[in-house]
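Beneath this line is the structure, given in structure tokens, with notes to follow.
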Amino acid sequence: MTDTKRLADLLFPDIKETPQELMDSCYPVRDLPQGALVTRFAPSPTGFLHIGGVFASMAAERAAHISGGICILRIEDTDKKREMDDGVSIIVNGLSDFGIRFDEGVKADGSESGGYGPYIQSKRRYPYHVFCKDLVEKGLAYPCFCTAERLSEIREEQEKAGVTPGYWGEYTSACRERSIDEIEALIAAGTPYVVRLRSPGKPGGRVKFRDVIRGEIEMEENFVDVVLLKSDGIPTYHFAHIVDDTLMRVTTVTRGEEWIASAPIHLQLFWLCGLKAPKYAHVPSIMKEDNGGKRKLSKRKDPEAAVSYFVEEGYPADAVMEYLLTIANSNFEDWRKQNKTASYTAFPFALNKMSPSGALFDLIKLQSVSGTVISLMTAEQVLESVLEWSERYDRELFELLNADKAKALQIFSIDRGGSKPRKDIAKWNEVRAYISYFYDELRQAEGEALEIAAEDQKAILTKYLTVYTPTESKDEWFSDIKAMCEEVGFCPDVKAYKADPAGYKGHVGDVSSVIRVAVTGRKNTPDLCAIMNVLGKDKVTERINEYLERI
RNA sequence: GGCCCGUUGGUCAAGCGGCUAAGACACCGCCCUUUCACGGCGGAAACAGGAGUUCGAUUCUCCUACGGGUCACCA
């Protein structure tokens with residue numbers, strides 16, 4: 001028996017299978033249509049869902065589904081230190097709120113679905129060890145007994161000498177060349193160890209690969225004996241990535257651009273394991289404007305880094321997705337113009353059309369996208385969404401709307417549904433202010449002030465009270481107002497007024513404004529006729545009388 | 001510091017050797033209009049800098065500057 005074979009059995013006495021056997025028996029090639037992508041999103045259960053995570057997972061999910069493929073949600077919990085109790089459910093629920101659906105993997109309650117699992121790394125010890133044993137047997141990996149102290153010594157030395165830090169070259173000699181007997185004794189004595197890659201790389205060596213988003217990338221090859229298995233037998237990200245994405249038959253790895261730097265390690269690992277590397281798509285980070293510069297959105301400094309921010313503010317999930325799509329594929333906006341009412345899921349998303357540079361997150365543009373999304377909703381959809389949102393974030397508003405849904409529906413129906421819908425609401429937390437004048441409970445006592453003389457306003461309103469008759473017809477409603485204009489010294493026709501401004505105190509628009517302010521307290525509102533119909537004659541009269549007393 | 005990625009109007013961005021350098025958001029003006037919107041029309045606004053390759057560079061190469069990332073028994 002060769003030494004490496006002996007070593008492999010010593011390190012992994014329970015492993016009898018080879019990687020190939022494992023693959024053949026449990027992880028068969030997927031039966032998918034030509035060109036179908038298998039992608040995955042693989043977060044750590046830190047309990048914090050970053051908007052960049054939504055961006056990356058959206059790219060993975062869209063790319064898979066538009067190609068007729070599969071998208072997997074895998075949990076990377078190989079580091080227990082960063083784990084949080086309900087970390088998994090926060091992430092899964094968070095993504096699901098945004099309409100990102102996975103075909104396989106971990107669900108919110110921690111259960112799993114799919115035939116290529118388990119999908120939680122801490123439950124995948126066995127396959128990792130199968131692959132690791134194979135590497136040891138081939139002489140490509142070895143146990144390292146260096147202590148943390150020894151490692152930091154090495155680091156200091158290297159820093160002083162100005163060479164690349166890391167476990168490589170001459171610094172590995174202690175463990176790389178240990179005899180099998182020595183190792184056996186150390187292990188028998190219970191000495192902790194990690195398993196390291198015996199990297200064949202050399203400083204100055206080059207690797208090339210093709211990134212789906214960035215094209216050709218050339219880098220220095222890996223020459224560090226990176227850790228494959230930590231002392232507790234759990235793999236590092238690098239090794240887990242190789243094993244998982246191979247076994248799960250992932251075709252395209254989408255991940256943050258911060259991983260580009262370690263791609264040479266991964267490529268080398270795939271090569272040494274005799275495996276075909278997947279395609280890589282390194283998606284750009286989402287940036288934030290900061291003193292004229294750009295920087296990565298930070299979880300500490302920027303509230304909008306957490307997706308919970310968008311939920312709390314009341315941005316519809318679709319709006320956030322649409323916005324993200326506009327920065328992911330710039331042709332999305334053109335497509336949207338051609339397909340105004342289609343679901344964004346019909347958009348032919350393409351990874352290779354993503355821009356390689358990090359986009360600034362533009363809240364203003366989000367507002368605009370969101371306003372459009374909401375303007376296309378029906379009153380019923382709006383009410384339902386507002387109810388759902390306010391139940392959690394604005395109890396008072398919720399009670400009010402819920403108490404009289406028919407009225408709420410009437411309110412949300414105003415100026416909605418036509419070919420030119422208003423875009424007054426961009427997020428649900430704006431609804432309260434938008435509809436406040438429909439409810440005495442929400443209305444501010446003082447309304448906005450008009451620049452029309454008080455006595456003229458009084459004349460207008462007093463007169464209007466005598467002619468006001470509720471009507472569904474906007475034309476009738478408006479002709480009533482026109483008809484009374486002359487009597488109070490205002491011009492019923494705007495053009496005529498402009499031709500002879502000296503002849504009148506103002507025009508019909510001014511008259512309407514007075515009524516508007518008296519009834520709603522605002523200078524700007526949607527269709528006033530509709531508003532008055534929602535309020536009803538009694539309330540309108542009451543408001544006008546109240547206003548009359550005030551001025 | 002080494003290695004890598006990036007740099008077109010305020011922002012997001014088309015462009016892939018020859019264009020008056022698209023479009024969207026924001027901004028300004030006009031039109032429509034009972035207000036505000038919506039919509040329509042129009043305006044201002046950009047290839048980081050320098051060499052080179054070429055008949056011709058936003059586009060290809062190199063250098064510089066700036067921004068970002070990465071160098072763990074973290075992902």
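Computation of the quantities below employed the complete heavy-atom set of this structure, encompassing side-chain atoms and omitting hydrogens, waters and symmetry-equivalent molecules. Naming: A, B, ... by sequence-line order, numbering from 1 per chain.
- Taking every side-chain heavy atom of A/K423 into account, B/C38 is the closest of B/C38, B/C5, B/C25.
- Residue contacts shown for A/T525 include a base, since a base heavy atom lies under 4.0 Å away.
- Nearest-nucleotide mapping onto RNA chain B: of A/R82 and A/D334, the residue sitting toward the 5' end is A/D334.
- When each of A/Y193 and A/H507 is assigned the nucleotide of RNA chain B bearing its nearest heavy atom, the one mapping closer to the 5' terminus is A/H507.
- For the ring pair (Phe, Tyr, Trp, His ring centres under 6.0 Å) criterion with A/H241, the lone passing option out of A/W259, A/Y128, A/F270, A/F131 is A/F270.
- Rounded to whole Å, the separation between the P atoms of B/G50 and B/A65 comes to 15 Å.
- Look at B/G39: its Watson-Crick or wobble partner, with both distances under 3.5 angstrom, is B/C31.
- Taking atom P in both B/G6 and B/U53, the straight-line distance is 25 Å, to the nearest Å.
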For A/D79 and A/Y237, what are the C-alpha separation, side-chain angles and deciding distance, and is it a side chain to side chain donor-acceptor pair (under 3.5 Å)?
CA-CA 9 Å; A/D79 183 18; A/Y237 169 85; over 6 Å; no
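- Closest contact between the side chain of A/I364 and the listed nucleotides B/A26, B/C4, B/A24 involves B/A26.
- Taking the side chain of A/R214 as heavy atoms from C-beta on, and the options B/A24, B/C74, B/C5, the nearest nucleotide is B/C5.
- Base engagement by A/K523 is indicated by at least one non-hydrogen atom pair under 4.0 Å involving a base atom.
- Taking 4.0 angstrom as the limit, A/K420 places none of its side-chain polar atoms (N or O) nearer than this to OP1 or OP2 of B/G40.
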Please test A/H282 against A/Y280 for ring pair (Phe, Tyr, Trp, His ring centres under 6.0 Å), starting from the C-alpha separation and ending with a verdict.
CA-CA 6 Å; A/H282 289 100; A/Y280 284 103; 5.6 Å; yes
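- Rounded to whole Å, the C1' atom of B/A26 lies 12 Å from the corresponding atom of B/G9.
- Salt bridge absent: A/R155 and A/E157 never bring a charged side-chain N and a carboxylate O closer than 4.0 Å.
- B/G2 and B/A21: their P atoms are spaced 39 Å apart (whole Å).
- Side-chain N/O atoms of A/R206 include none lying less than 4.0 angstrom from OP1 or OP2 on B/C3.
- An OP1 or OP2 oxygen of B/A24 is reached within less than 4.0 angstrom by no side-chain nitrogen or oxygen of A/S368.
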Please step through side chain to side chain donor-acceptor pair (under 3.5 Å) for the pair A/T520 and A/R443, ending with a clear verdict.
CA-CA 9 Å; A/T520 68; A/R443 201 161 70 106; over 6 Å; no
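- Nucleotides B/C28 and B/A37 are separated by 10 Å at their P atoms, to the nearest Å.
- Phosphate proximity of B/U33 to A/K495: present, with a side-chain N or O under 4.0 Å from OP1 or OP2.
- Nucleotides B/C74 and B/C62, compared at atom P, are 37 Å apart to the nearest Å.
- Spacing of P atoms, B/A51 relative to B/A45, comes out at 26 Å, to the nearest Å.
- With distances taken from any side-chain atom of A/D79 to the nucleotides B/A75, B/C73, B/C25, the minimum falls on B/A75.
- Among the nucleotides B/A75, B/U70, B/C12, the one closest to any side-chain atom of A/W259 is B/A75.
- Of the candidates B/C73, B/A14, B/U11, B/C73 carries the atom nearest the A/V227 side chain, counting heavy atoms from C-beta on.
- A pairwise comparison of heavy atoms in A/D225 and A/R196 identifies O-NH1, 2.8 Å as the closest pair.
- Judged by atom type and distance alone, A/R422 reaches the base of B/C36 through a side-chain donor-acceptor pair under 3.5 Å.
- For A/Y323 and A/F361, the distance between ring centers is under 6.0 angstrom.
- B/U58 and B/G69 are spaced 31 Å apart, taking the P atom of each and rounding to whole Å.
- With a cut-off of 3.5 Å on both Watson-Crick or G-U wobble distances, the partner of B/G6 is given as B/C66.
- Listed pair A/K230 / B/C74 meets the phosphate criterion, a side-chain N or O lying under 4.0 Å from OP1 or OP2.
- Note on A/R416: nothing from the nucleic acid sits closer than 4.0 angstrom, heavy atoms only.
- If you check every strand for non-hydrogen atoms under 4.0 Å, A/W477 touches a base.
- The base-pairing partner of B/A21, taking Watson-Crick or G-U wobble contacts with both distances under 3.5 Å, does not exist among the strands shown.
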